[in-house]
J.: 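Handing you a structure now.
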Amino acid sequence: MTRGEEPCLALLRLLAGTARGPKRDAAFALWLTARVAEDMMTAGDLSERAQRRRVAALEKRVSSLSLPPSFRRALAAGLAHMRDPRPEAAQAALTQLAAPVGDTLGAEAAGAVQRLVRGVRLPEKS
C-alpha cells in the first residue's frame, strides 16, 4: 500500500493479501462499508431511499461474515450511524471504525480509513 493510493483501492489490496478466515472477512466487510460510506459522503444525487436500501443490503451482506467480536461491535455501531442518510453520518461511521480496524487488520488499514475520512469533501449545504 502506497501513501498516494486511493483508500478504497488500498483496502482492496489488503483484502487480496489477507489469508482466509475472520481477518479476511473483516477486510471484506471494511471494504464494502468504505465503498458505501464514500458514496454517501460524495454523491449528493442519491435519493434518501436509495441510500437506505444500500445500507440495508450492506447490513445483510456483512451479517453472514465471521468477524472478530470487537470488529463486529464497531461495525454494527458504524452501520447504525449510516442508517442516517446524511454524509456526516457516514463520515462518523468511518471515524468510529478506525481504531477497531487498527486492532483487527493493522495500522495500514486504519490509515486507509483515516485517509478516506480526511480526503472526502462533504457536499456543501444549499
Side-chain angles (χ1 to χ4, degrees):
M1 199 172 336
T2 62
R3 276 211 181 271
E5 190 172 44
E6 180 183 329
C8 282
L9 182 59
L11 293 174
L12 188 59
R13 288 187 198 282
L14 174 74
L15 174 63
T18 306
R20 289 185 174 218
K23 279 193 171 186
R24 184 178 179 89
D25 284 353
F28 181 59
L30 176 62
W31 177 70
L32 288 173
T33 304
R35 288 183 54 215
V36 171
E38 183 179 32
D39 287 348
M40 287 176 69
M41 290 186 291
T42 58
D45 59 346
L46 285 178
S47 71
E48 191 173 313
R49 180 176 181 219
Q51 287 181 355
R52 281 196 315 266
R53 293 178 89 188
R54 192 155 182 213
V55 171
L58 174 63
E59 287 176 322
K60 184 176 180 180
R61 179 61 184 104
V62 300
S63 69
S64 65
L65 298 175
S66 172
L67 303 172
S70 63
F71 185 80
R72 182 175 292 283
R73 286 188 301 272
L75 185 60
L79 291 173
H81 277 296
M82 289 172 64
R83 285 186 201 120
D84 178 357
R86 294 177 304 127
E88 297 83 8
Q91 189 175 36
L94 285 180
T95 301
Q96 183 175 356
L97 273 174
V101 163
D103 293 343
T104 303
L105 299 171
E108 289 184 46
V113 171
Q114 291 169 346
R115 283 195 313 276
L116 179 60
V117 170
R118 283 192 309 263
V120 172
R121 296 193 122 175
L122 297 178
E124 294 188 24
K125 297 180 187 203
S126 36

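This chain uses plain numbering: 1 for the first residue, then up along the sequence. Below, each value reflects all heavy atoms present in this structure, side chains not excepted, and no hydrogens, waters or symmetry copies.
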J.: Leu75 versus Leu30: any side-chain heavy-atom pair under 4.5 Å?
T.: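 Sidechains of Leu30 and Leu75: no contact.
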J.: Roughly how far, to the nearest 0.5 Å, is CE of Met40 from CZ of Arg35?
T.: 14.5 Å
J.: Please name the pair of heavy atoms, one in Ala37 and one in Ala90, separated by the smallest distance, quoted to 0.1 Å.
T.: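 The pair with the smallest heavy-atom distance is O-CB, 3.7 Å.
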J.: Looking only at non-hydrogen atoms, find the nearest pair between Ala29 and Phe71 and report the distance.
T.: CB-CE2, 4.1 Å
J.: Evaluate salt bridge (Lys or Arg N to Asp or Glu O under 4.0 Å) for Glu59 paired with Arg83, printing each intermediate quantity in order.
T.: CA-CA 10 Å; Glu59 287 176 322; Arg83 285 186 201 120; 2.7 Å; yes
J.: Which heavy-atom pair separates Thr104 from Pro68 by the least distance, and what is that distance?
T.: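 That would be CG2-CG, 3.7 Å.
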J.: What distance do Leu94 atom CG and Thr33 atom OG1 have between them, rounded to the nearest 0.5 Å?
T.: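 Going from the CG atom of Leu94 to the OG1 atom of Thr33 covers 8.0 Å.
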J.: Please report the closest heavy-atom contact between Ala110 and Val101, naming both atoms and the distance.
T.: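 In this case the closest contact between Ala110 and Val101 is N-CG1, 3.6 Å.
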J.: Any ion pair linking Asp39 and Arg54 (charged N to carboxylate O, less than 4.0 Å)?
T.: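 Yes, this pair counts.
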J.: Calculate, to the nearest 0.5 Å, the distance between atoms CH2 and CG belonging to Trp31 and Leu9 respectively.
T.: 10.5 Å
J.: Check whether Arg24 reaches the backbone of Thr18 with its side chain - one donor and one acceptor, N or O, closer than 3.5 Å.
T.: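 Yes.
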J.: What heavy-atom pair brings Gly78 and Ala93 nearest, and what distance separates the two atoms?
T.: O-CB, 3.2 Å
J.: To check you understand the geometry: which heavy-atom pair defines the closest contact between Ala109 and Leu14, and what is its length?
T.: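 Of all heavy-atom pairs spanning Ala109 and Leu14, the closest is CB-CD2, 3.5 Å.
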J.: Starting from the C-alpha separation in whole Å, work towards a yes-or-no answer on side-chain contact (heavy atoms from CB on, under 4.5 Å) for Gln51 and Val36.
T.: CA-CA 9 Å; Gln51 287 181 355; Val36 171; over 6 Å; no
J.: Measure the shortest side-chain to side-chain distance between Pro85 and Glu48 over non-hydrogen atoms and say whether it is less than 4.5 angstrom.
T.: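 Yes, side chains in contact.
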J.: Test your reading of the model: is there a side-chain donor-acceptor pair from Arg72 to the backbone of Leu65, 3.5 Å cut-off?
T.: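 Yes, because the side chain of Arg72 sits within donor-acceptor range (under 3.5 Å) of the backbone of Leu65.
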J.: If I take atom CG from residue Leu58 and atom CG from residue Leu32, how far apart are they, to the nearest 0.5 angstrom?
T.: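 Reported to 0.5 Å precision, the distance equals 6.0 Å.
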J.: Roughly how far apart are Leu97 CG and Met82 CE, rounded to 0.5 Å?
T.: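 Reported value, rounded in 0.5 Å steps: 9.0 Å.
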J.: Does Phe28 reach the side chain of Lys23, with side-chain heavy atoms less than 4.5 Å apart?
T.: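 A side-chain contact is absent here, since even the closest heavy-atom pair is not under 4.5 Å.
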J.: Quick check: does any side chain N or O of Asp25 sit under 3.5 Å from a backbone N or O of Leu67, one acting as donor and the other as acceptor?
T.: no
J.: What distance separates Arg13 CZ from Glu6 CD, expressed to the nearest 0.5 Å?
T.: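 Rounded to the nearest 0.5 Å, the CZ-CD separation comes out at 10.5 Å.
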J.: Tell me, do Gln91 and Pro87 make a side-chain contact under 4.5 Å, heavy atoms counted?
T.: no
